[in-house]
Amino acid sequence: MDTSSKENIQLFSKNSMQPVGRPSFKTEYPSSEEKQPCCGELKVFLGALSFVYFAKALAEGYLKSTITQIERRFDIPSSLVGVIDGSFEIGNLLVITFVSYFGAKLHRPKIIGTGCLIMGVGTLLIAMPQFFMEQYRYERYSPYSNSTFSISPCFLGSNSPLPISVMEKSQSKINNGCVQTVAIIGPIFGFLLGSLCAKLYVDIGFVNLDHITITPKDPQWVGAWWLGYLIAGSISLLAAVPFWYLPKSLPRPRSREDSNSSSEKSKFIMDDHTDYQTPLGEKAKIMEMARDFLPSLKSLFGNPVYFLYLCASTVQFNSLFGMVTYKPKYIEQQYGQSSSKANFVIGLINIPAVAFGIFSGGIVMKKFRISVCGAAKLYLGSSVLGYLLFLSLFALGCENSDVAGLTVSYQGTKPVSYHERALFSDCNSRCKCSETKWEPMCGANGITYASACLAGCQTSTRSGKTTIFNNCTCVGIAASKSGNSSGMVGRCQKDNGCPKMFLYFLVISVITSYTLSLGGIPGYILLLRCIKPQLKSFALGIYTLAVRVLAGIPAPVYFGVLIDTSCLKWGFKRCGSRGSCRLYDSNAFRYMYLGLTMILGTMSIFLSTAVLFTLKKKYVSKHRSFRTKRERTMVSTRIRKENCTTSDHLLQPSYWPGKETQL
């Protein structure tokens with residue numbers, strides 16, 4: 001660190017340790033040289049803090065984008081993925097309350113730097129399972145990929161060669177026994193990074209990619225989910241560096257100390273030395289601060305506006321966390337999009353709309369100088385309008401894909417029982433097929449089959465990464481007009497109207513995201529203004545703790561549990577236990593995913609209404625007490641004036657006729 005930086009720190013150390021009430025003749029008329037260190041240190045602090053918010057939001061956004069990749073890689077259900085996602089917030093449960101209380105009185109920059117180091121190491125640890133596990137093994141028909149080869153998916157006799165997936169299952173049976181707008185930029189890059197990594201094969205760098213026979217559009221594809229965690233962890237470690245070279249406190253410039261026009265946020269960020277200054281050489285007494293902890297907590301929860309707003313925000317964030325966590329999965333399953341495209345769309349369209357909404361809310365608050373009651377109305381109005389728009393998403397869904405034995409019968413008629421035995425039919429009764437395998441094949445008739453074996457295909461030809469199945473008996477009984485009974489690897493595309501529905505979904509989703517985020521800044525201002533100044537740091541800590549613990553942790557879990565109930569076809573691990581879901585009921589998925597989001601949003605609206613009424617009641621009572629006090633003051637003043645007039649009249653020497661007229 002250079003000499004000028006050391007001098008700046010020494011200067012701020014002297015300012016922060018100056019005894020209370022002692023005048024400083026050196027700083028009474030500050031020169032430009034004395035003003036510069038404060039501005040420089042403050043800019044460094046704000047820049048470093050913004051970068052920390054970016055790094056943290058990048059990691060969180062990337063975690064959301066890898067939900068489906070982790071689910072496929074480790075073959076686990078959505079409910080368990082929700083536990084993994086929620087565990088990202090568990091660390092806050094242990095330290096955030098004490099850090100928010102003691103951190104305001106201790107060395108803030110070093111505490112932030114320590115948190116960045118822990119966050120960076122933790123993010124790097126998430127990627128570690130990739131380096132200790134065996135390579136990803138997807139189900140395939142043949143080990144050959146570079147030459148033309150013909151096999152028979154339908155096994156008619158015991159001497160027929162088994163495909164590699166069946167051999168693996170037999171082997172496993174023998175061996176029996178995972179700053180606001182700046183913070184919004186992070187998720188944008190997080191989802192874009194997730195989109196990029198989803199296009200890269202999971203074992204890139206460890207296998208020859210020429211031997212990989214599936215593409216990112218294949219339902220068995222798993223992207224390089226671990227790569228983004230290495231990048232995000234490195235960025236978090238880098239963000240910790242500046243905080244180890246910053247002073248303990250940043251004193252407010254003398255020119256702004258007595259200004260009444262300073263903003264709410266500037267008053268909150270800058271230190272108030274009248275509260276926390278100590279005489280030179282005296283250390284902070286931890287026990288005295290701890291003794292005030294419970295009274296401060298009681299004071300916060302005794303504030304009805306703060307408590308109701310805390311409840312409303314917690315319920316609303318349950319809605320938002322659950323919706324955002326499974327939004328990529330919803331786009332994939334509902335509209336038949338790839339993981340890469342789903343993450344790209346969310347990162348490039350949805351999240352910028354949220355950032356623009358937050359920014360717009362701040363502009364409205366500043367331009368029109370909205371009061372606390374006005375902020376509460378704007379917060380409530382944005383929620384009501386946003387969730388009303390959200391209702392229209394129920395009508396913008398796609399029908400189930402035609403999957404033989406699951407959504408349609410083998411004859412192509414609807415509906416069909418969801419029982420697993422429906423996968424077998426007369427057309428594939430002679431084939432020795434596994435009902436647990438999911439190797440989807442798209443028939444020429446537009447129907448998807450769970451595997452080429454269950455489609456009754458007699459022969460197949462592979463050239464490179466393209467596999468064609470021929471003489472498929474089940475395709476023949478529900479053949480297309482051309483009479484073709486062949487098929488290709490992969491699921492059939494959704495119906496022709498689905499791309500248009502996806503476009504409408506994106507438009508409504510962007511408008512809804514913008515509308516809901518309009519209330520972000522008004523709600524934040526409402527939170528700051530409804531509590532005592534000395535409790536702001538503690539109140540924000542409790543608020544963050546409640547949102548993360550009561551929303552960030554449980555919401556992904558129960559959303560995932562509910563989504564799992566809409567599964568039509570479960571996969572199975574090599575050991576025989578149930579794995580991840582291969583196919584969802586589109587209608588059930590839509591109603592559960594959107595319905596739960598809407599229910600929670602409606603509950604938050606009722607609580608926000610209670611906040612507004614409580615705030616109005618409190619404001620009206622204060623206004624009445626102020627008017628009563630003012631009227632009493634005016635009456636007493638008038639009485640004093642009358643008394644003074646009477647006394648002056650009595651002191652006149654005499655009275656003569658016509659005195660009033662003359663006067």
| Do Ser382 side-chain atoms and Leu378 backbone N/O form a donor-acceptor pair below 3.5 Å? | yes
| task | Side-chain contact test, heavy atoms from C-beta onward, threshold under 4.5 Å: evaluate it for Asn343 versus Leu196 and give yes or no. | result | no
| task | Keeping the roles fixed (side chain from Tyr326, backbone from Pro556), state whether a donor-acceptor pair exists under 3.5 Å. | result | yes
| said: Among Val611, Leu612, Leu615, Asn303, exactly one meets side-chain contact (heavy atoms from CB on, under 4.5 Å) together with Leu308. Which residue is that? | reply: Val611
| Trp226 side chain to Val202 backbone, donor-acceptor under 3.5 Å | yes
| query | For Ser65, which residues count as a side chain to side chain donor-acceptor pair (under 3.5 Å) partner, sequence neighbours excluded? | reply | none
| message | Between Thr123 and Gly233 (side chain of the first, backbone of the second, donor and acceptor by atom type, cut-off under 3.5 Å), is there such a pair? | response | no
| field | Interatomic distance, Ile605 atom CD1 to Leu388 atom CG [nearest 0.5 angstrom] | value | 7.0 Å
| Donor-acceptor side-chain pairing of Ser340 and Ser195 below 3.5 angstrom | yes
| request: Please round to the nearest 0.5 Å and tell me the distance separating atom CD1 of Ile231 and atom OG of Ser236. | output: 12.0 Å
| field | Pair Lys199-Ser339, side-chain donor/acceptor within less than 3.5 Å | value | no
| query | With no hydrogens and no angle check, do the side chains of Ser360 and Tyr514 hold a donor and an acceptor under 3.5 Å apart? | reply | yes
| field | Aromatic centroids of Phe321 and Phe317 separated by under 6.0 Å | value | yes
| query | When the aromatic ring centroids of Trp225 and Tyr62 are compared, is their separation below 6.0 Å? | reply | no
| message | When you measure from the side chain of Tyr309 to the backbone of Gly523, do you find a donor-acceptor pair of N or O atoms at a distance under 3.5 Å? | response | yes
| Has the side chain of Thr597 got a donor or acceptor atom that lies under 3.5 Å from a matching backbone atom of Tyr593? | yes
| said: Parallel, tilted or perpendicular: which one describes the rings of Tyr306 and Phe301, with boundaries at 30° and 60°? | reply: perpendicular
| Any side-chain donor near an acceptor of the partner, Glu332 and Ser338, under 3.5 Å | no
| Donor-acceptor side-chain pairing of Thr66 and Tyr229 below 3.5 angstrom | yes
| Can Thr325 and Lys64 be counted as having a side-chain donor-acceptor contact under 3.5 angstrom? | yes
